[in-house]
Amino acid sequence: MSIAEQLAFSIGTERRGIHVLLWDQQDDLVRALLGFLAALDDMAVYPVLVSDAPEDRAVLAKLVATRLPSAAEEDAAGDDSGPVEEQLWMLLLQQASTQTVGPCLNGWRRPISAPPGSLLVIRHADFKPFQQHAPDIASFIGPRIFDASTMLSMFSKSPHERLQRRLPVAVQCVLARLPGTPPPEQDIQNWVEANVPDEA
């Protein structure tokens with residue numbers, strides 16, 4: 001089982017809590033996310049950029065409100081809209097923003113960790129400052145820390161068959177605001193073809 005599959009298995013099994021994906025190069029991050037999404041398979045993912053920009057903080061606050069008890073009770077009371085689809089939050093932290101956004105995230109630790117959980121995507125260099133500015137969130141993470149550079153190994157047959165050549169548009173839009181550039185699609189194609197699963 002690849003590291004990407006281990007992350008997906010942990011999230012899919014627990015369906016709550018906070019996992020962390022650390023990265024340095026966007027090239028590795030794109031491949032890691034492709035592998036993770038292929039392994040996750042049956043859970044919807046909602047990507048959000050976490051930055052100190054007022055508009056981004058407003059989007060995050062609105063998202064957090066959907067997991068607060070009052071919002072959940074209102075959803076349950078409505079009889080015409082049906083159940084709200086569970087989505088894993090993929091919170092991608094913008095570089096060097098943890099001093100500002102860390103305390104906000106810290107205050108929202110319960111909704112962020114509420115079912116089906118969240119995946120925090122943070123650059124290695126920002127992880128220590130994040131832990132300092134969001135200590136309560138950090139305490140919820142525990143051993144659920146994964147490294148994008150170690151998630152590029154061989155995949156099992158089923159996830160390999162689901163590997164896409166590009167990330168969902170919503171994820172691409174967030175990555176466009178993070179440092180670095182994504183790999184060319186041909187490089188992804190070559191990588192997918194090179195990762196032939198072991199049939200044994």
Side-chain angles (χ1 to χ4, degrees), residues 1-50 67 85-93 105 109-128 130-131 134 136-168 170-172 174-175 178 180 182-183 187-200:
M1 182 184 290
S2 70
I3 304 297
E5 291 172 74
Q6 291 177 28
L7 172 57
F9 179 79
S10 180
I11 288 175
T13 301
E14 294 186 31
R15 291 192 175 265
R16 68 180 308 115
I18 302 170
H19 289 70
V20 170
L21 176 59
L22 301 176
W23 65 285
D24 286 312
Q25 303 296 324
Q26 194 172 137
D27 189 285
D28 287 346
L29 178 59
V30 168
R31 288 174 169 82
L33 291 177
L34 286 169
F36 165 67
L37 292 174
L40 191 62
D41 188 32
D42 66 343
M43 187 183 296
V45 173
Y46 189 84
V48 176
L49 179 70
V50 179
R67 284 191 186 170
E85 182 182 18
E86 286 193 340
Q87 293 178 319
L88 173 75
W89 294 352
M90 183 186 294
L91 306 178
L92 298 98
L93 274 68
L105 292 174
R109 70 177 189 226
R110 292 197 182 278
I112 289 175
S113 63
S118 300
L119 174 64
L120 296 180
V121 182
I122 310 173
R123 291 197 82 177
H124 269 105
D126 291 317
F127 188 48
K128 187 172 182 180
F130 171 80
Q131 291 173 297
D136 290 341
I137 285 278
S139 70
F140 269 59
I141 295 168
R144 307 181 193 94
I145 302 173
F146 295 78
D147 187 332
S149 65
T150 67
M151 296 173 65
L152 314 179
S153 58
M154 307 297 280
F155 297 97
S156 301
K157 184 175 180 180
S158 293
H160 184 268
E161 291 174 346
R162 293 191 295 267
L163 270 175
Q164 300 296 309
R165 275 54 177 174
R166 60 173 66 92
L167 289 166
V171 178
Q172 291 183 45
V174 176
L175 291 184
L178 296 179
D187 287 0
I188 296 297
Q189 176 71 29
N190 295 340
W191 170 69
V192 171
E193 292 175 355
N195 275 278
V196 178
D198 186 356
E199 298 289 345

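For the pair I145/F127, a side-chain contact is recorded, criterion being any heavy-atom separation below 4.5 Å from C-beta on. Between D136 and F140, the closest side-chain pair of non-hydrogen atoms is not below 4.5 Å. A 4.5 Å side-chain heavy-atom check between F130 and I141 finds at least one atom pair inside the cut-off.
Across G12 and M43, no two heavy atoms sit closer than the pair CA-CE, 4.3 Å. Across all non-hydrogen atoms, the minimal contact from A8 to L40 is CB-N, 3.6 Å.
H160 contributes a side-chain N or O that, together with a main-chain N or O of V192, makes up a donor-acceptor pair within less than 3.5 Å. At least one donor-acceptor pair under 3.5 Å links the side chain of R165 to the backbone N or O of L163. Judged by distance alone, with hydrogens and angles left aside, the side-chain atoms of R144 form no donor-acceptor pair with the main-chain N or O of L119 at under 3.5 Å. With R123 contributing its side chain and D24 its backbone, the two residues share a donor-acceptor pair below 3.5 Å. Judged purely by atom type and a 3.5 angstrom limit, E5 has no side-chain atom pairing as donor or acceptor with the backbone of P159. The closest donor-acceptor contact from the side chain of Q87 to the backbone of A44 lies at 3.5 Å or more, if one exists at all. Under the 3.5 Å distance criterion, the side-chain polar atoms of R67 are matched with a main-chain donor or acceptor of A114. Listed for the S113 side chain is a donor-acceptor partner under 3.5 Å among the backbone atoms of R110.
Between R162 and D42, none of the side-chain N atoms (NZ, or NE/NH1/NH2) sits under 4.0 Å from a carboxylate O, so this pair counts as no salt bridge.
Counting heavy atoms of neighbouring residues, nucleotides and ligands inside a 6.0 Å radius, atom CD of Q25 does not exceed 12 of them. Y46 OH: 12 or fewer foreign heavy atoms inside a 6.0 Å radius.
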